[in-house]
Amino acid sequence: MEALKKQLVKHLNGGEAFMPLEEMLKEISFQKLGERPKNLPYSFYELFYHICFTQNDILNYCTEIQYKAPNWPKDYWPAHREPQNEKDWRNLVENYRKDREELTKVIMDPEIELTETVPSNSSHTFLREILLVIEHSAYHSGQMLIVLRHLGLHTT
């Protein structure tokens, strides 16, 4: 089971089947975060915010007995296409990293069996929720890569 847990952590951090978000963050400047190139319906910031919010929501779903779901879709997407200031952007990135570390702790916790159900829902397992974070991040990171390419910031 430990080997499976280590593989899940690798996939969670990206680089197995998709470009790690940490690498994408290095390719965009604060000034470009809110641009929606080529008539795309989203900016890099909007997609990253959505990934962060959803990741945090799933983390809470996995760890809180009295979990309360946010309002879909309103709460899952930002009110603006760009961060209000650089401090807000740095906080969002830092929260993404902290939540990713917390998810890693959940995965690697020897007391947690991945096939056990999460405290908030007896129908969903930890494994299901971790795979959901991985799939969701992969899906939207592909969109983020498209934004980077259309902005001329990623060429390979």
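Counting from 1, the numbers follow the sequence of the chain as shown. FYI, side chains are in, hydrogens and waters are out, and symmetry mates aren't considered; it's all heavy atoms of this structure. What you see is a predicted model; the values in this text were computed from it and never measured.
- Distance check: Thr63 OG1 to Asn60 CG gives 5.0 Å after rounding to the nearest 0.5 Å.
- In the hydrophobic cluster analysis, where Ile, Leu, Val, Met, Phe, Trp and Tyr join through side-chain heavy atoms closer than 4.5 angstrom, Ile65 is grouped apart from Val118.
- The distance from atom CE of Met24 to atom CG of Leu145, rounded to the nearest 0.5 Å, is 5.0 Å.
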Determine, stepwise, if the pair Lys6 / Lys10 fulfils side-chain contact (heavy atoms from CB on, under 4.5 Å). CA-CA 6 Å; Lys6 287 180 180 178; Lys10 284 181 82 172; 5.9 Å; no

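- Looking at Glu2 and Lys5, no side-chain N of the basic residue comes within less than 4.0 Å of a carboxylate O on the acidic one, giving no salt bridge.
- Between the side chains of Tyr42 and His140, no donor-acceptor pair of N or O atoms lies under 3.5 Å.
- The aromatic rings of His50 and Trp72 sit tilted, their planes meeting at an angle between 30° and 60°.
- Crowding of Tyr139 atom OH: a count of heavy atoms from other residues, nucleotides or ligands under 6.0 Å not exceeding 12.
- When all heavy atoms of Pro119 and Cys62 are compared, the pair lying nearest together is CD-O, 3.1 Å.
- Arg128 and Thr115 share no side-chain donor-acceptor pair at under 3.5 Å.
- In this structure, Pro83 and Leu33 have side chains that are in contact, with non-hydrogen atoms separated by less than 4.5 Å.
- Atoms CD and NE2, on Glu129 and His136 in that order, are 12.5 Å from each other to the nearest 0.5 Å.
- Ring geometry for Tyr49 versus Tyr45: interplanar angle of 30 to 60°, hence tilted.
- When all heavy atoms are compared, the tightest approach of Val133 to Leu103 is CG1-CD1, 4.0 Å.
- Minimum interatomic distance between Glu116 and Ile112 (heavy atoms only, all atoms of both residues): OE1-CA, 4.3 Å.
- With contacts defined as side-chain heavy-atom distances shorter than 4.5 Å, the pair Glu82/Glu35 does not qualify.
- With hydrogens and angles disregarded, a donor-acceptor distance shorter than 3.5 Å links the side chain of Arg100 to the backbone of Leu12.
- With Asn71 contributing its side chain and Lys74 its backbone, the two residues share no donor-acceptor pair below 3.5 Å.
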I would like to know whether Lys98 and Glu101 meet salt bridge (charged side-chain N to carboxylate O under 4.0 Å, His left out); could you show each step before the answer? CA-CA 5 Å; Lys98 286 178 182 175; Glu101 288 174 21; over 6 Å; no

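- Closest heavy-atom contact between Pro20 and Asn13: CB-O, 3.6 Å.
- Side-chain atoms of Val93 and Trp89, non-hydrogen and from C-beta on, do get closer than 4.5 Å to each other.
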How far apart are the C-alpha atoms of Val147 and Leu153, what are their side-chain angles, what is the distance that settles it, and do they pass the side-chain contact (heavy atoms from CB on, under 4.5 Å) test? CA-CA 9 Å; Val147 171; Leu153 301 174; over 6 Å; no

Where do Asn95 and Asp99 land on the side chain to side chain donor-acceptor pair (under 3.5 Å) test, with the steps shown first? CA-CA 6 Å; Asn95 288 338; Asp99 287 345; over 6 Å; no

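- Not a single donor-acceptor pair under 3.5 Å links the side chain of His154 to the backbone N or O of Leu148.
- Residue Ile130 holds its CD1 atom at 11.0 Å from CG of Leu4, rounded to the nearest 0.5 Å.
- In this structure, CD on Glu113 lies 10.5 Å from CG on Leu127, to the nearest 0.5 angstrom.
- Summarising the geometry of Phe18 relative to His11, their closest heavy-atom pair is CZ-O, 3.7 Å, with the distance given to 0.1 Å.
- For the residue pair Ser43 / Glu46, a side-chain donor-acceptor distance below 3.5 Å is found, with atom types taken as modelled.
- Side-chain contact, Asp57 with Tyr67: a donor N or O sits under 3.5 Å from an acceptor N or O.
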So Leu8 and Phe126, side-chain contact (heavy atoms from CB on, under 4.5 Å) or not? Walk me through it. CA-CA 11 Å; Leu8 286 171; Phe126 285 99; over 6 Å; no

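- With rounding to the nearest 0.5 angstrom, the CG atom of Leu40 is 9.0 Å from the CG atom of Leu47.
- We find that Arg97 and Glu22 are joined by a salt bridge, their nearest charged nitrogen and carboxylate oxygen being less than 4.0 Å apart.
- Checked for salt-bridge contact, Glu23 and Lys26 meet the test: a charged N lies under 4.0 Å from a carboxylate O.
- When all heavy atoms are compared, the tightest approach of Thr117 to Ser122 is CG2-O, 3.2 Å.
- Within a 6.0 Å radius of CD in Glu94, other residues, nucleotides and ligands contribute more than 12 heavy atoms.
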